[in-house]
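Working notes, structure below.
Not measured: the values here are computed from a predicted model. One is the number of the first residue; the rest follow in order along the sequence. Side chains included, hydrogens not; waters and symmetry mates left out as well; all remaining heavy atoms used.
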Amino acid sequence: MKLDILVIAVHPDDAELCCSGTILKHIALGKKVGIVDLTRGELGTRGTAETRDEEAADSAKILGLHVRENLRMRDGFFQNDESHRLEVIKAIRKYQPEIILSNALEDRHPDHGRAGDLVYDSVFLSGLPKIETSIDGVKQEAHRPRLLLQYIQDRYLKPDIIVDISDHMDKKIESIKAFKTQFYNPDVDGLQTYISSPEFFESVIGRSREFGKSIGTTFGEGFTSRKLLGVDNLFDLR
């Protein structure tokens with residue numbers, strides 16, 4: 001399946017927290033969007049890999065994703081090396097997206113920045129024909145997306161672009177709450193963590209309000225880019 005947008009997230013729930021409004025907006029515009037999670041989040045204090053699998057599937061239905069898969073890399077221990085790059089390259093060539101959204105290049109959780117660099121390197125390498133990959137014995141064609149953006153996670157980073165998600169905030173919150181073992185939920189027992197507090201959940205909403213305010217809307221999601229971004233027409237900017 002060819003996708004318009006592929007979101008690559010190191011942990012199930014990263015995409016929901018940081019760019020689910022953008023996902024919802026583009027699906028509403030008729031675009032095909034999918035998520036590839038790199039790990040199952042098995043090192044998370046609350047829940048299990050199996051419950052995260054179920055929660056990711058529930059969220060995928062809420063978002064209306066065209067596909068969601070998990071590469072089952074080792075949470076906390078994957079590396080930005082040849083074997084892991086090849087797995088990401090296979091996913092990119094499989095879905096041939098025009099745009100990729102990936103983890104922040106710098107963040108509180110070390111997996112986030114490492115995954116951001118892994119995807120950044122893999123996007124470039126995916127366009128090189130001399131790197132040969134195959135799935136089920138079928139050779140893949142080289143493919144390089146035209147745009148790679150990183151969503152902003154826990155640590156505040158100044159965005160290079162902000163997407164208005166005002167019409168999709170309610171559904172964004174619903175997709176986050178699908179991860180009921182991870183975030184604030186008084187009906188779930190377990191050790192309290194940094195992300196399971198009500199304050200953390202409110203900070204996610206507050207960040208969306210802050211980005212929205214910056215562009216004159218109610219809610220927004222911010223993204224960074226390692227390359228300069230251009231437009232054909234100044235009137236496309238607000």
[X] side chain to [Y] main-chain N or O, any donor-acceptor pair under 3.5 Å?
X: D81; Y: H84; answer: yes
X: D4; Y: K31; answer: no
X: S203; Y: F200; answer: yes
X: S166; Y: F219; answer: yes
X: S102; Y: I8; answer: no
X: R68; Y: A56; answer: yes
X: S214; Y: E210; answer: yes
X: T39; Y: V10; answer: yes
X: T51; Y: G47; answer: no
X: D111; Y: G76; answer: yes

Following the transitive rule for hydrophobic clusters with a side-chain heavy-atom cut-off under 4.5 Å over Ile, Leu, Val, Met, Phe, Trp and Tyr, establish whether I27 and L17 coincide in one cluster.
->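 The answer is yes; both residues are in one hydrophobic cluster.
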
Answer with yes or no whether the hydrophobic clustering places L71 together with Y120; edges join I, L, V, M, F, W, Y residues whose side-chain heavy atoms lie under 4.5 Å apart.
->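 In one cluster with L71: Y120, yes.
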
Restricting to non-hydrogen atoms, name the atom on [X] and the atom on [Y] that form the minimum distance, rounded to 0.1 Å.
X: L6; Y: A91; value: CD2-O, 4.4 Å
X: I162; Y: G220; value: CG2-CA, 4.1 Å
X: N70; Y: P12; value: ND2-CG, 4.1 Å
X: Q192; Y: S196; value: OE1-OG, 3.1 Å
X: I99; Y: P145; value: N-CB, 4.5 Å
X: A142; Y: L128; value: CB-C, 4.1 Å

So, E55 and T181: side-chain donor and acceptor under 3.5 Å apart, yes or no?
->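 Yes, because at least one side-chain N or O of E55 sits under 3.5 Å from a partner of the opposite role on T181.
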
Side-chain donor-acceptor pair present, N80, D121, cut-off under 3.5 Å =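 Yes, D121 and N80 have a side-chain donor paired with an acceptor closer than 3.5 Å.
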
[atom1]/[X]: more than 12 non-hydrogen atoms of other groups inside 6.0 Å:
X: L237; atom1: CG; answer: yes
X: E141; atom1: CD; answer: no
X: E82; atom1: CD; answer: no
X: D136; atom1: CG; answer: no

Euclidean distance, [Y] [atom2] relative to [X] [atom1], rounded to 0.5 Å:
X: L157; Y: Y151; atom1: CG; atom2: OH; value: 13.0 Å
X: L3; Y: K32; atom1: CG; atom2: NZ; value: 8.0 Å
X: L125; Y: T133; atom1: CG; atom2: OG1; value: 11.0 Å
X: L229; Y: L147; atom1: CG; atom2: CG; value: 6.5 Å
X: I205; Y: K172; atom1: CD1; atom2: NZ; value: 9.5 Å
X: Y156; Y: D107; atom1: OH; atom2: CG; value: 13.5 Å

Take Q140 and S134 through the test side chain to side chain donor-acceptor pair (under 3.5 Å) and record every step on the way to the result.
-> CA-CA 5 Å; Q140 294 180 298; S134 62; over 6 Å; no

Residues [X] and [Y] bridged, charged N to O under 4.0 Å:
X: E106; Y: R155; answer: yes
X: D75; Y: R40; answer: no
X: R238; Y: D164; answer: yes
X: E98; Y: K2; answer: yes
X: D13; Y: R52; answer: yes

Cation-pi check, [X] to [Y]: give yes when NZ or CZ is under 6.0 Å from the six-membered ring centre and within 45° of the ring axis, no otherwise.
X: R108; Y: Y194; answer: yes
X: R74; Y: F78; answer: no
X: R144; Y: F124; answer: yes

Assess whether side chain to side chain donor-acceptor pair (under 3.5 Å) is satisfied between E16 and S20, documenting all intermediate values.
-> CA-CA 5 Å; E16 283 78 4; S20 53; over 6 Å; no

Going by the side-chain hydrogen bond (donor to acceptor under 3.5 Å, both in side chains) test, name the single residue among E69, H143, K90 that passes it with Y95.
->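 Testing Y95 for a side-chain hydrogen bond (donor to acceptor under 3.5 Å, both in side chains) against E69, H143, K90 leaves exactly one candidate, E69.
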
Can you tell which of H112, Q153, H109 makes a side-chain hydrogen bond (donor to acceptor under 3.5 Å, both in side chains) with N103?
->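 Exactly one pass, corresponding to Q153.
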
Passes salt bridge (charged side-chain N to carboxylate O under 4.0 Å, His left out), D167 versus K25? Steps please.
-> CA-CA 8 Å; D167 293 339; K25 180 164 193 168; over 6 Å; no

Residues in side-chain contact (heavy atoms from CB on, under 4.5 Å) with L105, at least two apart?
->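 L105 satisfies side-chain contact (heavy atoms from CB on, under 4.5 Å) with D117, Q150, R226 once adjacent residues are dropped.
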
